[in-house]
Amino acid sequence: MEITPNTLMYTLVISIGLGIILGLFLFFFGRKKGKQKLGMIGLFISIIGGAIGPILPLLVLVFFTFLISRKSPVDSTADESIKEADKDQTGSAL
């Protein structure tokens, strides 16, 4: 099979279309989970990845789905939990 400019153009259009579709999934999934910024970033990176290659939007989908669905790290530190435990046992803070 010979690679022509038309073949390259069709491959690029299909890859970008795939990136848009998968990116929209990321956008709405991020919006549903309350992480609109990650969803928007995933949309743009998926479109750019589609322009680079047809497999990259799938990798972006997996990565950003993981980032959006994971819970935020706990903000408390170990010192705060020790103070809370001491307060509960003695009735006053140290």
Side-chain angles (χ1 to χ4, degrees):
M1 184 172 141
E2 188 176 321
I3 297 177
T4 63
N6 284 342
T7 306
L8 292 176
M9 184 182 69
Y10 292 140
T11 303
L12 182 65
V13 168
I14 290 171
S15 296
I16 291 174
L18 180 66
I20 290 171
I21 292 169
L22 296 178
L24 284 173
F25 170 78
L26 287 172
F27 175 74
F28 288 118
F29 184 64
R31 201 166 133 195
K32 180 181 175 188
K33 293 288 187 173
K35 297 182 179 180
Q36 295 89 357
K37 190 173 183 180
L38 275 176
M40 185 67 75
I41 293 170
L43 172 65
F44 289 128
I45 293 178
S46 181
I47 293 171
I48 293 169
I52 294 172
I55 301 297
L56 287 177
L58 295 172
L59 298 174
V60 170
L61 175 72
V62 170
F63 181 71
F64 273 91
T65 301
F66 169 75
L67 286 180
I68 291 170
S69 63
R70 74 180 179 143
K71 297 191 185 282
S72 299
V74 178
D75 292 332
S76 66
T77 62
D79 292 334
E80 290 175 358
S81 61
I82 292 171
K83 287 179 184 177
E84 289 291 324
D86 288 340
K87 183 178 180 183
D88 290 340
Q89 291 177 356
T90 61
S92 64
L94 293 176

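Under the 4.5 Å side-chain heavy-atom criterion for grouping Ile, Leu, Val, Met, Phe, Trp and Tyr, Ile48 is not connected to Met40 through any hydrophobic cluster. In this structure, Leu58 is a member of the same hydrophobic cluster as Ile45, with clusters built from ILVMFWY side-chain heavy atoms closer than 4.5 Å. In the hydrophobic clustering of this structure, Phe29 does not group with Phe27; members are Ile, Leu, Val, Met, Phe, Trp, Tyr whose side-chain heavy atoms approach within less than 4.5 Å, directly or through other members. Val60 and Ile55 fall into different hydrophobic clusters, where Ile, Leu, Val, Met, Phe, Trp and Tyr side chains are chained together by heavy-atom contacts under 4.5 Å. Leu18 and Leu24 fall into different hydrophobic clusters, defined by Ile, Leu, Val, Met, Phe, Trp and Tyr side-chain heavy atoms under 4.5 Å apart, directly or through other members.
Side chain of Ser15 to backbone of Gly53: no donor-acceptor contact under 3.5 angstrom is found.
Between Ile20 and Leu43, the closest heavy-atom pair is O-CD1, 4.2 Å. Closest of all the heavy-atom pairs between Lys35 and Leu67 is NZ-O, 3.7 Å. Across every non-hydrogen atom of Ser46 and Gly19, the tightest pair is OG-O, 2.8 Å. Across all their heavy atoms, Ile68 and Leu26 have their closest contact at CD1-O, 3.8 Å. Thr65 and Phe25 get closest at one heavy-atom pair: OG1-CE2, 4.1 Å. Residue Phe64 comes nearest to Leu38 through the heavy atom pair CD2-O, 3.7 Å, listed as atom of the first residue, atom of the second, then distance.
Note that CG of Leu22 is 10.5 Å distant from CG of Leu59, once rounded to the nearest 0.5 Å. Rounding to the nearest 0.5 Å places CE of Met9 at 10.0 Å from CD1 of Ile14. To the nearest 0.5 Å, the span separating CG on Leu12 from CD1 on Ile52 amounts to 10.5 Å. We find the CD1-CD1 distance between Ile21 and Ile47 to be 11.0 Å, quoted to the nearest 0.5 Å.
For Leu8, the CG atom counts as densely surrounded, since its 6.0 Å shell holds more than 12 non-hydrogen atoms of other residues, nucleotides or ligands.
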